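What follows is a single structure, written as structure tokens, with notes after it.
Here the structure is a predicted model, which is why all the values come from computation and not from measurement.
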Amino acid sequence: MAKNARTAQNREEYQKRYSGLVERYEKVKSKYDSIVVAIEEKQAEPIAEFDAGMWGSMVEYITVDKNMTVTFKDGTEVQA
């Protein structure tokens with residue numbers, strides 16, 4: 001739009017280019033929206049069974065003395 005304001009351009013050519021950019025934006029936006037929905041659905045899924053790989057990726061370390069303390073990678077600690 002700034003270029004259109006500074007210099008004279010062929011209106012049809014400008015409109016064609018603009019329409020192409022809008023179409024491209026709409027396609028990318030649609031893909032983005034579907035990915036966001038898929039991520040939200042994944043995050044909402046309850047975990048049905050123990051997954052050792054997932055557990056290992058979340059736990060930083062476990063301390064055992066009188067009690068057992070699990071320290072997660074985000075700093076959260078849970079005592080058992």
Side-chain angles (χ1 to χ4, degrees):
M1 287 176 65
K3 183 179 179 182
N4 193 32
R6 289 192 313 256
T7 59
Q9 293 184 11
N10 180 327
R11 188 174 211 70
E12 289 176 16
E13 189 177 302
Y14 174 82
Q15 189 61 40
K16 183 179 176 182
R17 185 170 186 275
Y18 178 79
S19 295
L21 291 173
V22 169
E23 183 180 330
R24 184 175 162 202
Y25 168 81
E26 292 297 333
K27 285 180 184 178
V28 171
K29 176 79 166 93
S30 176
K31 186 175 181 179
Y32 170 81
D33 290 342
S34 66
I35 291 171
V36 167
V37 168
I39 289 171
E40 289 172 354
E41 288 173 354
K42 276 275 195 201
Q43 290 175 340
E45 278 183 29
I47 299 171
E49 60 186 49
F50 180 77
D51 183 338
M54 185 183 297
W55 176 256
S57 70
M58 294 170 36
V59 174
E60 184 70 31
Y61 58 89
I62 299 174
T63 306
V64 179
D65 46 27
K66 292 180 183 177
N67 296 315
M68 182 172 87
T69 304
V70 179
T71 303
F72 293 93
K73 291 188 177 183
D74 69 354
T76 305
E77 292 185 352
V78 177
Q79 288 188 343

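- Under the side-chain hydrogen bond (donor to acceptor under 3.5 Å, both in side chains) criterion, Asn10 pairs with no residue, sequence neighbours left out.
- Rounding to the nearest 0.5 Å places NZ of Lys31 at 8.0 Å from OG of Ser34.
- Lys27 is linked by a salt bridge (Lys or Arg N to Asp or Glu O under 4.0 Å) to Glu23, counting only residues two or more places apart in sequence or in another chain.
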Do any side-chain atoms of residues 70-80 form donor-acceptor pairs under 3.5 angstrom with protein atoms, and if so which ones, sequence neighbours left out?
residue : atom : partner : partner atom : Å
Asp74   : OD1  : Thr76   : N            : 2.9
Asp74   : OD1  : Thr76   : OG1          : 2.8
Asp74   : OD2  : Thr76   : OG1          : 3.2

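- For Lys29, the side-chain contact (heavy atoms from CB on, under 4.5 Å) partners two or more places apart in sequence, or in a different chain, are Tyr25, Asp33.
- Judged by distance alone, with hydrogens and angles left aside, the side-chain atoms of Ser30 form no donor-acceptor pair with the main-chain N or O of Glu26 at under 3.5 Å.
- With Asn67 as the partner, the side-chain contact (heavy atoms from CB on, under 4.5 Å) test is satisfied by one option alone out of Asp65, Val64, Thr63: Asp65.
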Sequence neighbours excluded and cut-off under 3.5 Å, please list the side-chain donor-acceptor pairs for residues 46-62, or say none.
residue : atom : partner : partner atom : Å
Asp51   : OD1  : Gly53   : N            : 3.0
Asp51   : OD1  : Met54   : N            : 3.2
Ser57   : OG   : Met54   : O            : 2.8

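- As a member of the Ile/Leu/Val/Met/Phe/Trp/Tyr network built from side-chain separations under 4.5 Å, Val37 groups with nothing else and remains a singleton.
- The line from CZ of Arg17 to CD of Gln15 is 12.0 Å long, rounded to the nearest 0.5 Å.
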